[in-house]
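Just so you know, these numbers use all the heavy atoms, side chains as well, and skip hydrogens, waters and symmetry mates. Owing to the predicted nature of the structure, the values given are computational and were not obtained by experimental measurement. In the text below, chain A, chain B and the rest are named by the order of the sequence lines, each starting its count at 1.
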Amino acid sequence: MNVFTHFRGVIDERLNELATNGDLPVDIDLKNVSVEPPRDASHGDIATNAALVLSKQAKRKPRDIAEMLKPKLEMVDAIEMVEIAGPGFINMRLSAGFWQEQIRSILASGTDFGNSDTGADTPINVEYVSANPTGPMHVGHVRGAVFGDALANLLDKAGFKVTKEYVINDAGSQIDVLAKSAYLRYREAFGEDIGKIPEGLYPGDYMIPVGERLKDKYGDKFLNADEAEWLSIIKLDAVDAMMDMIKDDLKALGIEHDVFFSEKTLHESGRIDEAIDVLRERGHIYEGVLEPPKGKLPDDWEEREQTLFRSTDFGDDVDRALKKSNGDYTYFGADIAYHYDKYQRGFKDMINVWGADHQGYIKRVQSAIKALSGDGSLDVKVCQLVHLLRDGEPVKMSKRAGTFITLREVVDEVGRDVTRFIMLTRKNDAPLDFDFSKVMEQSKDNPVFYVQYAHARICSVLNRAKDTFANIDTADGSLQNADLSRLVSDGELMMIKQCCAWPRMVEAAAEAHEPHRIAFFLYDLASEFHAFWNKGNDNPSLRFIIDGDIEVTKARLALIRSVALVIASGLAILGVEPLKEMR
RNA sequence: GGUCCCGUAGCUCAGUCGGAUAGAGCACCAGAUUCCUAAUCUGGGGGCCGGUGGUUCGAAUCCACCCGGGAUCACCA
């Protein structure tokens with residue numbers, strides 16, 4: 001249960017009563033009323049701005065409305081105290097009993113705690129990674145991959161029906177290059193000395209096994225054949241080989257897509273013509289000449305007539321070309337068909353995760369979706385660069401020279417969990433430093449460790465309880481029966497409240513499409529817990545395991561088990577395994 | 001020149017559909033281990049939230065215009 005949503009409902013009811021009684025206008029609009037935790041805990045547990053928001057509509061002073069609402073709220077069982085503060089905020093304190101009961105429901109829900117139905121099973125498509133199938137994934141892909149995956153998990157938890165999608169760009173000229181590179185390695189597999197890989201082909205060693213694979217599959221069939229004979233066939237094999245490699249890389253990060261969509265199929269099936277015809281019928285396509293870009297002209301600029309999409313009608317800056325000079329569709333042309341296809345598959349909500357270099361591409365795709373669908377919407381999440389460091393020094397990489405750092409190298413060195421968590425410790429649109437030395441540090445400077453450590457500590461306490469009480473049952477089902485009214489200290493109630501904020505956090509993060517909020521929340525929760533733990537150092541009566549008092553012990557175990565469940569539930573969104581011990 | 005992103009403590013960054021006295025970590029200073037993992041915790045100093053106007057009960061948050069940093073800019077994908 002989301003505590004705040006629950007009381008939002010309660011407050012709405014009482015406001016409607018006031019409207020029925022004639023104290024407020026009958027047609028009063030409650031949509032701006034919010035119920036949230038006050039920033040300052042001394043103001044109580046929940047606060048509402050209802051009186052302030054409704055003041056104008058009701059043509060009454062905020063304090064008057066607050067005074068009318070106050071007695072009605074005081075009658076609610078769980079509400080212990082109601083106070084009007086400042087310009088008209090209504091602060092409420094909830095009873096300890098109410099909070100204690102929440103532990104029971106957290107234990108009953110397990111790691112499903114925080115699941116929400118705000119998504120209402122709405123289909124939503126999250127497209128991420130979509131690295132070109134021309135080589136292994138490199139470090140530049142990692143952030144988008146992790147971000148997209150965590151966002152998809154988050155939306156799933158919030159009740160959306162999520163499809164994780166990868167579009168394979170298997171149609172462009174880079175695939176010809178790939179096939180030629182593979183063919184060279186194929187000849188090499190027969191013992192031919194191919195010398196230095198010619199400029200313009202992919203030089204990486206990862207192409208060698210592809211050559212072997214072709215040799216095994218086709219024997220010497222293509223050895224003396226014309227390019228026209230082998231090109232289209234080897235393209236397929238080469239792309240397959242690249243995708244196998246990429247899927248392996250993704251697996252190392254714990255990522256598995258539901259759908260791999262082939263761009264090539266759009267070209268072959270005439271779907272691009274179809275989508276563009278739709279646009280043409282609606283009058284959004286014309287043959288014309290684009291203005292040269294303002295500012296510095298590209299050296300090889302020439303005026304030419306092109307098939308253009310009038311994206312400026314939908315908020316773009318200039319109209320966009322759909323066909324290349326050789327008559328083929330541009331990537332944008334194919335992309336229009338791709339997004340139209342997604343829409344026709346039932347996705348009105350689409351999210352794409354792109355690198356920072358694609359920012360300028362956003363408006364045109366959104367324009368196309370508007371022009372084609374009317375009610376479809378695309379949110380593009382742009383991930384800024386990751387600065388790789390080692391001991392504070394930049395790690396050089398050069399994609400051109402083939403010496404780029406691969407995703408695999410990063411994961412092999414620091415592990416999947418660390419890679420994933422650290423990538424989510426910044427907003428997607430802020431650059432991120434990734435220091436190989438720092439992320440492996442076992443200290444509170446390192447948020448992964450800090451959160452994991454809290455979880456491990458809890459598991460450790462649950463185990464140790466058996467040393468003190470031989471017969472104690474620490475299973476969730478048993479802890480649910482603990483006498484939770486024994487949880488009365490400030491620290492204990494704080495922990496409960498923090499856990500109860502979890503569902504609200506999930507909903508807010510999902511709505512904003514911001515999985516990093518989960519990482520920050522977990523850090524805060526871990527911090528609460530570590531503080532609580534240390535109180536037992538100063539005051540033994542605040543320890544979790546109290547020798548001779550099994551009831552208090554069980555109640556406290558129920559509490560910290562709830563904390564562990566929230567941490568595990570959050571880590572699951574991030575795709576990180578909660579650790580039971582860290583020795 | 002256009003577009004997009006960023007600008008919050010010395011440093012790295014959070015900041016909830018606009019909410020009350022703007023938060024955390026690092027660094028700095030002072031403390032806490034016969035004790036469930038000190039791999040942790042407690043306390044302290046430190047801010048014209050880039051600037052100027054506007055919107056309103058109320059702005060770090062929304063709008064306009066500036067300043068500074070980054071990315072990107074006809075047929076590549």
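Looking at which nucleotide of RNA chain B each of A:R464 and A:T48 is closest to, the 5′-most match is held by A:T48.
Taking 3.5 Å as the limit, the base of B:rC36 and the side chain of A:R457 contain no donor-acceptor pair of atoms between them. Donor-acceptor pairing under 3.5 Å, judged by distance alone, is present between the side chain of A:N91 and the base of B:rA20. In this model, no side-chain donor or acceptor of A:R426 finds a partner on the base of B:rU12 within 3.5 Å.
If you check every strand for non-hydrogen atoms under 4.0 Å, A:N169 touches sugar and phosphate atoms only. Heavy atoms of A:E511 sit nowhere under 4.0 angstrom from any nucleic acid atom. Within 4.0 Å of A:F89, counting heavy atoms only, lies at least one base atom of the nucleic acid.
B:rG70 and B:rG43 are spaced 39 Å apart, taking the C1' atom of each and rounding to whole Å. Distance noted for atom P between B:rA59 and B:rU52: 15 Å (whole Å).
In this structure, B:rU12 is classed as anti because its glycosidic torsion departs from zero by more than 90°.
For A:N326, the CG atom sits in a packed shell: over 12 heavy atoms of surrounding residues, nucleotides or ligands are nearer than 6.0 Å.
Closest to the A:W533 side chain, of the nucleotides B:rU37, B:rC76, B:rC57, is B:rU37. Comparing atom distances between the A:H530 side chain and each of B:rA14, B:rC36, B:rU40 picks out B:rU40 as nearest.
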Original post:
Please, what dot-bracket string fits RNA chain B when only Watson-Crick and G-U pairs with both distances under 3.5 Å count, crossing ones use [ ] and pairs to another strand use |?
Top reply: (((((((..((((.....[...)))).(((((.......))))).....(((((..]....))))))))))))....
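Remark: A:D317, A:K324, A:S325 in residues 313-329 of chain A come within less than 4.0 Å of RNA chain B through at least one heavy atom.
Taking all atoms of both residues into account, the shortest heavy-atom contact from A:V382 to A:N428 is O-ND2, 3.0 Å.
Contact annotation: A:K535 side-chain N/O to B:rU40 OP1/OP2 distance is not under 4.0 Å.
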Original post:
Between A:D319 and A:T312, does a side chain to side chain donor-acceptor pair (under 3.5 Å) hold up when you go through it step by step?
Top reply: CA-CA 6 Å; A:D319 292 339; A:T312 45; 2.6 Å; yes
**OP:** Determine, step by step, whether A:H358 and A:N352 satisfy the side chain to side chain donor-acceptor pair (under 3.5 Å) criterion, reporting the C-alpha distance in whole Å, the side-chain angles of both residues, the deciding distance to 0.1 Å, and the verdict.
**Re:** CA-CA 11 Å; A:H358 281 64; A:N352 291 355; over 6 Å; no
